[in-house]
Amino acid sequence: MVQANFGRRKFLLYGTAALGTSILLKACGAPPEQSGTTTPGGGTTSTPSGDGDTIKVGILHSLSGTMAISETTVVDAEKLAIKEINEAGGVLGKQIEAIVEDGESDWPTFAEKAGKLIDQDQVSVVFGCWTSASRKAVLDVFESKDHMLWYPVQYEGQECSRNVFYTGAAPNQQIEPAVEWLLENKGDKFFLVGSDYVFPRTANTVIKEQLKVLGGETVGEDYLPLGNTEVTPIITRIQQALPDGGVIFNTLNGESNDAFFKQMQGAGLSPDKYPIMSVSVAEEEVRQIGPEFLKGHYASWNYFQTVDTPENTKWVADFKAEYGDDRVTNDPMEAAYIMVYLWKQAVEEAGTTDIEAVRAAAVGQTFDAPEGKVTMNANHHLSKTVRIGEIREDGMFEIVYETDGPLDPEPWNQFVPDTKGYGCDWTDPTKGERYKMEA
Amino acid sequence: MADLALQLFIGAFNGISIGSVLLIAALGLAIVFGLMGVINLAHGELMMLGAYATFFVQNVFNGWGDPWAQIYTIAAIPVAFLVAALVGLILERGVIRFLYGRPLETLLATWGVSLILRQFVRTTVSTRNVDVTAPAWLRGGIQIPTGAVPIQLPYARIFIIILTIICVVGVYFFLNRSSWGLRIRAVTQNRSMSACLGIPTAQVDALTFALGSGLAGVAGCAITLLGSVGPNTGQNYIIDTFMVVVVGGVGNLFGSIISAMVIGIVTYLIGSGTFATLLSPVDWLQPVVEFFNFFADSSMAKVMVFGLIIAFLQVRPAGIFPPKGRAVEL
């Protein structure tokens, strides 16, 4: 007999099971969907790269799960750079062979795949990661195996690994100039909104310390669980804390941004009174949220598609020719593209793919990037130009501010008391990851 | 005094608007889970399909230009309902009808379906989120000039509240005034007796499930006004919808309404810090004020709401309105 009704005990049992399962699944970030299109390259031979006809490099990003939206664009940029290098004759006379692994938006999977790329595929270098959580997860692997990771995304700083080269912005190359610009042009009362994980929390600590030093005021802060879309309470808090308008500094990530911008507009909080400065909203996100909701707000990056350099004009044209006219370029993609070239230059200077030699040769490399000239510093971070863009009706950014030249990176934050006065220098064996700088 | 009244009104409006989003998302589940006892983990994905249906209607109507582009949201509601209901019907006929009375298998099967639907959207549409922009008349709000803080009631929120009311009233009349509603109630109360009396229970099951799924589609259309539309959209709502139904009491639509509103208002009052603000003038309540200030952020408010729900379920394990009568024994 088919029975649809069931009793209280059973209901409780199954109901709890259902709720528990779904919470568990959500807590894990993204369910480990078997959706990845992992491309196992180059068969099963374990020839160390450099000995054969090709040089093997690893690409480790999420091709499935919640982060796939962002990370697949970065993979496209890296593949474009590799293709260009190969067409121009390769590195040291050899073609580059990319082995793409899927991190599945799952941090332990990142660590596992990193180990696979290093041990099994014997790659010369790995380009990869997006979220700070995934970078932290693979850090141990790269440090214990003394290998090399190139990381293309702006991040919260407070890290300086011998085994990582960071080609995205450190906080002093994105967040700090944005705060200074806001203080100068938009007011000194700040409300901080962020997603509830490591990057926004650390970034907001930096902002609060910076505001204390520079004479601004933090009137409130709020954190939204990743993926949450109910922002009514936050909007009420903003209205109470900033009745006459003020600056909103937004470190939300992912889908919460859609909800935040749509509902801010619905509540009548317009950019003339409540300008929002975002650090995780680039051309791609603008396209997905809809420019109608974002017009007049700001973002801080090193690169925008509208940057006016000959290198950028060429790169945007090449990218569109490769992937289609409707695609846009953004800051992490540009950082991913140039890091492949920087690595190539380092290999050519070293004359070998040996990790130790390439690491030494990488420091001091310069490149005429789409964003302008970049230089790899002794602390494994890039000197970069900082720009602030206002979002236009067409979804592109009008660049309203630009630093005079590239800013030198400071991985250890100079506003946070714990790390104030510290620097990082991998060219000097007595200094290393963290040393006290002379005042 | 006028200021306090205004604050109360704003608080009530915001609480109810959060509650109505919860309710419209949970209404379909209240039928599928509450009346039929099917734990449908694909409910969120049915909402997502409704949201994508809205996206496609938007593109078609925008192609026709004004005035069509201005009314696409209205037209999207029945389309979203039909798309989700059709998928729900296929799901019930294809999978769930073999699993009645086996909740754990249903749980796994529907979760599998949710993965399939998500991946289906990823491969056929895009892995990226899509841009659904409400027509201009839904993007502003009603200005309330009085008070120290300028307040605007968003049209999108008002639209969702009205849509929720229409859905609730519609479901009420369908279940209580139509002959199919009578059959649904009969089958959910006593299936074998209904079958003896000649009610086609298989058809009733299919219809009930399709109705619940269709309501999920309408909810999907509504949430495009507030949030993002992407393959993971449904996942953001599934926990909240189960929470509403469990707290309300299974099998009782009225319970779901009450619980959605209470959860909405409590979430708002804690998350916005209103509790703390209201209590702050009283001196001896300062520790309480600090306690509420600690929870006055969206992440912490969620923690507290879940804590309160756990405490509530200790006192009333079967929700606000527990099932009564012979249904309990079965």
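Just so you know, these numbers use all the heavy atoms, side chains as well, and skip hydrogens, waters and symmetry mates. So you know, we letter chains A, B, ... as the sequences are listed, proteins then strands, and number each from 1.
Applying the side-chain contact (heavy atoms from CB on, under 4.5 Å) test to Pro135(B) and every residue at least two apart in sequence or in another chain returns Gln70(B), Tyr72(B), Thr73(B), Trp137(B), Leu138(B).
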Quiz item: Run the side-chain contact (heavy atoms from CB on, under 4.5 Å) check on Arg237(A) and Asp297(B) step by step: do they pass?
Solution: CA-CA 9 Å; Arg237(A) 291 191 63 203; Asp297(B) 113 9; 3.8 Å; yes
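Nearest heavy atom pair, residue Glu292(A) against residue Thr133(B), reads OE1-OG1, 3.5 Å. What you find for Lys302(B) and Pro225(A) is that their closest heavy atoms are CD-CG, 4.4 Å. Closest heavy-atom contact between Asp258(A) and Ser228(B): OD2-CB, 2.9 Å. The two residues Gln288(A) and Asn129(B) make their nearest non-hydrogen contact at CG-O, 3.3 Å.
For Phe260(A), no part sits under 4.5 Å from any heavy atom of chain B, backbone or side chain. Contact annotation for Glu284(A): only side-chain heavy atoms (C-beta onward) come within less than 4.5 Å of a heavy atom of chain B. Only the backbone of Ala134(B) comes within less than 4.5 Å of a heavy atom in chain A; its side chain stays farther off. For Thr224(B), the part lying near chain A is the backbone, with the side chain staying farther off; criterion is any non-hydrogen pair under 4.5 Å. Proximity to chain B (any heavy atom under 4.5 Å) is shown, for Gln265(A), by both the backbone and the side chain.
Heavy-atom pairs under 4.5 Å with chain A were tallied for Gly140(B), Ser298(B), Pro154(B); the largest tally goes to Ser298(B). For the set Gly271(B), Ser299(B), Ala136(B), Ala195(B), the count of heavy-atom pairs under 4.5 angstrom toward chain A peaks at Ser299(B). Most heavy-atom pairs under 4.5 Å with chain B, from the set Thr232(A), Leu224(A), Thr73(A), Leu242(A): that is Thr232(A). Ranking Arg287(A), Glu221(A), Gln263(A) against chain B, the residue ahead of the rest is Gln263(A), based on heavy-atom pairs under 4.5 Å.
Applying the 6.0 Å contact sphere to CZ of Phe98(B) captures more than 12 heavy atoms from other residues, nucleotides or ligands.
From Asn14(B), atom CG reaches atom CD of Glu230(A) across 9.0 Å, with rounding to the nearest 0.5 Å. Expressed to the nearest 0.5 Å, how far CG of Asp240(B) lies from OG1 of Thr229(A) amounts to 8.5 Å. For the atom pair Arg139(B) CZ and Phe293(A) CZ, the distance stands at 5.5 Å (nearest 0.5 Å).
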